[in-house]
Amino acid sequence: MNINLNQDEKKVALEIEGRLDTTTAPELEETIANCIEGTEELVFDFANLEYISSAGLRVLLAAQKKMNKQGTMIVRNANDVIMEVFEITGFVDILTIE
């Protein structure tokens, strides 16, 4: 998994590439923890995300809970495979997906 981080004062954009699974989820979790303080908008770009596991969903859920208190979180460019996971797990009702 590769993470491309773009950050300004109040906005963080994370482009995730590859597989978000048990092995890579801790890296994303650490990246989010290091940049989320004071962030009002957190954007995930999943255009190049191939797979997401329950560990990846857990990281997204934790980020969403944090952002509910301080701003907004948006998931963009999720492919059909990722969208199917979001639909099956009910994450379409939890996340803002564009």
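Start at 1 with the first residue, then count along the sequence. All values derive from a computational prediction rather than experimental measurement.
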Please set out all donor-acceptor pairs under 3.5 angstrom arising from side-chain atoms of residues 75-83, sequence neighbours excluded.
| unit_1 | atom_1 | unit_2 | atom_2 | d |
| --- | --- | --- | --- | --- |
| R76 | NE | E98 | OE1 | 2.6 |
| R76 | NH2 | E98 | OE1 | 3.2 |
| N77 | ND2 | D45 | OD1 | 3.0 |
| N77 | ND2 | D45 | OD2 | 3.4 |
| N79 | OD1 | V81 | N | 2.9 |
| N79 | OD1 | I82 | N | 2.8 |
| N79 | ND2 | L49 | O | 3.0 |

* Any side-chain heavy atom of I36 within less than 4.5 Å of one from M67? ->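 A side-chain contact under 4.5 Å exists here.
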* To do: Flag the pair N48 / I16 as yes when at least one side-chain heavy-atom distance between them is below 4.5 Å, and no otherwise.
  =>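 A side-chain contact under 4.5 Å is absent here.
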Just list the side-chain donor-acceptor pairs under 3.5 Å for residues 26-35, sequence neighbours left out, or say none.
| unit_1 | atom_1 | unit_2 | atom_2 | d |
| --- | --- | --- | --- | --- |
| E29 | OE2 | R58 | NH1 | 3.2 |
| T31 | OG1 | E27 | O | 2.9 |
| N34 | ND2 | E30 | O | 3.2 |

* To do: For the pair K11 and V43, evaluate side chain to side chain contact (heavy atoms under 4.5 Å, CB included) and give the outcome as yes or no after the intermediate values.
  => CA-CA 8 Å; K11 180 178 178 180; V43 178; 3.9 Å; yes
* Please report the shortest heavy-atom distance between A25 and G56, naming the atom on each side. =>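 Closest approach of A25 to G56: CB-N, 4.2 Å.
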* To do: List the atom of L60, the atom of M73, and the distance in Å for their closest heavy-atom pair.
  =>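 Residues L60 and M73, closest heavy atoms: O-CE, 3.6 Å.
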* Asked: Pick one: which of K66, K65, Q64, Q70 meets side chain to side chain donor-acceptor pair (under 3.5 Å) with N68?
  ->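 In the set K66, K65, Q64, Q70, the residue that makes a side chain to side chain donor-acceptor pair (under 3.5 Å) with N68 is Q64.
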* Exceeds 12 heavy-atom contacts within 6.0 angstrom, atom CD of E84 ->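 Open.
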* To do: With sequence neighbours left out, write down each residue that passes salt bridge (Lys or Arg N to Asp or Glu O under 4.0 Å) with E15, or none if nothing qualifies.
  =>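 For E15, no residue satisfies salt bridge (Lys or Arg N to Asp or Glu O under 4.0 Å) once neighbours in sequence are set aside.
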* Any residue meeting salt bridge (Lys or Arg N to Asp or Glu O under 4.0 Å) with E40, in chain and number order, not counting sequence neighbours ->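 K10.
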For residues 86-93, which side-chain N or O atoms pair as donor and acceptor with protein atoms under 3.5 Å away, sequence neighbours left out?
| unit_1 | atom_1 | unit_2 | atom_2 | d |
| --- | --- | --- | --- | --- |
| T89 | OG1 | V85 | O | 2.7 |
| T89 | OG1 | F86 | O | 3.3 |

* **side-chain hydrogen bond (donor to acceptor under 3.5 Å, both in side chains) partners of T39, counting only residues at least two apart** =>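 Checked T39 against side-chain hydrogen bond (donor to acceptor under 3.5 Å, both in side chains); zero matches.
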* To do: Look only at the side chain of T96 and the backbone of I74, and say whether a donor-acceptor pair between them is shorter than 3.5 Å.
  =>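 Answer holds: no.
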* **Derivation and outcome, side chain to side chain contact (heavy atoms under 4.5 Å, CB included), residues L61 and I94** => CA-CA 8 Å; L61 184 59; I94 299 168; 4.0 Å; yes
* Residue among N4, L42, N6 satisfying side-chain contact (heavy atoms from CB on, under 4.5 Å) with L14 ->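 Passing option: L42.
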